[in-house]
Amino acid sequence: MKGHDNGEMPAPELTEDEYERSVESLRGARLVEVTYYPLSCGDDGTEVEEWDFGVWHEPTMGVGLLAENGTRYSAVWGHSFDYYGLEVYREPMSNHLTMIGQPGGTPAVVVTDHPSWSGLIGVPLVGADILWSEGDSGVRLPVAVELRAPAATAWLVSGRSVQWPPDGRFWLGTDDVMTVFTHESAAAVGLSPGSTEG
């Protein structure tokens, strides 16, 4: 079972087959809403931590996707596959986080209209693939999911910047979620082409 700060609920661990089926079901889907779940900060725990860094975003606790057919997806960090990786579930974020929108919990920030997501909204996704990395114990870890539309790509990643403020260096396989929007920034984060399966 995994456990997050900011009100995360335990969830059953994924099997590789379940994970691949969840990601595969995104192919052909039309996204109609994207929601970030960044950390809260401030004295009263109600301010939203900065998450927009241009070609990459850091919504730390997860990303919620809503497809046109009503299916909700939650992309969160977890450790079903040995160490921290990105996990995608076909269920709402409320199954993974408690206290959403409450002081000390995680805020829900709808980013559907953000320019970085515009090419992925309302069009069928032509690809959804898992990027795997081999962990220290030889176990394959899902570090990212690549979402492709005809005119745009986004990667949902288990990772974060090495330091604050960000200096262009990143760690993969952390207890954080980030999104990346260009091939150059994906390479800078450490995502290698050709490591997808799906």
Electrostatic pair D175:R160 at N-O distance under 4.0 angstrom: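 No.
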
Any carboxylate oxygen within less than 4.0 angstrom of a Lys/Arg side-chain nitrogen, looking at E24 and R27?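 Yes, charged N to carboxylate O under 4.0 Å.
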
Within a strict 4.5 Å, meaning less than it, do heavy atoms of the [X] and [Y] side chains meet?
X    : Y    : result
M61  : M93  : no
E146 : L131 : yes
S22  : Y89  : no
T179 : V157 : no
L125 : L120 : yes
E184 : V55  : no

Minimum heavy-atom distance [X]-[Y], with the two atoms named:
X    : Y    : value
P142 : Y19  : CB-CE2, 3.1 Å
V143 : S133 : CG1-CB, 3.7 Å
F181 : S116 : CD2-O, 3.4 Å
G85  : S158 : C-CB, 3.5 Å

One pair to check against side-chain hydrogen bond (donor to acceptor under 3.5 Å, both in side chains): E91 and H96. What are the steps and the verdict? CA-CA 9 Å; E91 54 194 35; H96 300 274; 2.7 Å; yes

Please enumerate all residues that pass side-chain contact (heavy atoms from CB on, under 4.5 Å) together with A75, with sequence neighbours excluded.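 Partners of A75 by the side-chain contact (heavy atoms from CB on, under 4.5 Å) criterion, ordered by chain and then number, come out as V63, L86, V88, L156.
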
If you measure from CG on L26 to CG on L31, what distance do you get to the nearest 0.5 Å?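 L26 CG to L31 CG: 7.0 Å, rounded to 0.5 Å.
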
Within this structure, what is the CD-OG distance for the pair E16 and S80, rounded to the nearest 0.5 Å?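 That separation rounds to 11.5 Å.
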
Any donor-acceptor pair under 3.5 Å from [X] side chain to [Y] backbone:
X    : Y    : result
S161 : P166 : no
S40  : P107 : no
T106 : P38  : yes
H57  : P59  : no
T112 : V34  : yes

Using a 4.5 Å cut-off between side-chain heavy atoms of Ile, Leu, Val, Met, Phe, Trp and Tyr, which other residues end up in the same hydrophobic cluster as [X]?
X    : result
V126 : none
W171 : V162
L66  : V32

Aromatic ring proximity Y37/W77, centre distance under 6.0 Å: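 No, too far apart.
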
Taking only residues two or more places apart in sequence or in another chain, which ones pass side chain to side chain donor-acceptor pair (under 3.5 Å) with [X]?
X    : result
T174 : D176
T15  : E18
S25  : Y73

Show me the pairs that pass salt bridge (charged side-chain N to carboxylate O under 4.0 Å, His left out) and involve [range], at least two apart or across chains.
range            : answer
residues 107-120 : none
residues 58-71   : R30-E68
residues 162-172 : D167-R169

Which residues pass the ring-ring contact (aromatic ring centres under 6.0 Å, His included) test with F170, not counting sequence neighbours?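 Listed in chain order: W56.
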
Which residues pass the ring-ring contact (aromatic ring centres under 6.0 Å, His included) test with W155, sequence neighbours left out?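 With sequence neighbours excluded, W155 shows a ring-ring contact (aromatic ring centres under 6.0 Å, His included) to H183, given in chain and number order.
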
If you group Ile, Leu, Val, Met, Phe, Trp and Tyr by side-chain heavy-atom gaps below 4.5 Å, do [X] and [Y] land in one group?
X    : Y    : result
L65  : V109 : yes
F53  : V189 : yes
V123 : I121 : no

Please lay out, stage by stage, how L191 and L172 fare under the test side-chain contact (heavy atoms from CB on, under 4.5 Å). CA-CA 9 Å; L191 301 177; L172 289 177; 4.1 Å; yes

Within the 3.5 Å criterion, strictly below it, is a donor on Y36 or T60 matched to an acceptor on the partner's side chain?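 T60 and Y36 do not have a side-chain donor-acceptor pair below 3.5 Å.
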
Starting from the C-alpha separation in whole Å, work towards a yes-or-no answer on side-chain contact (heavy atoms from CB on, under 4.5 Å) for L39 and W51. CA-CA 9 Å; L39 292 176; W51 53 263; over 6 Å; no

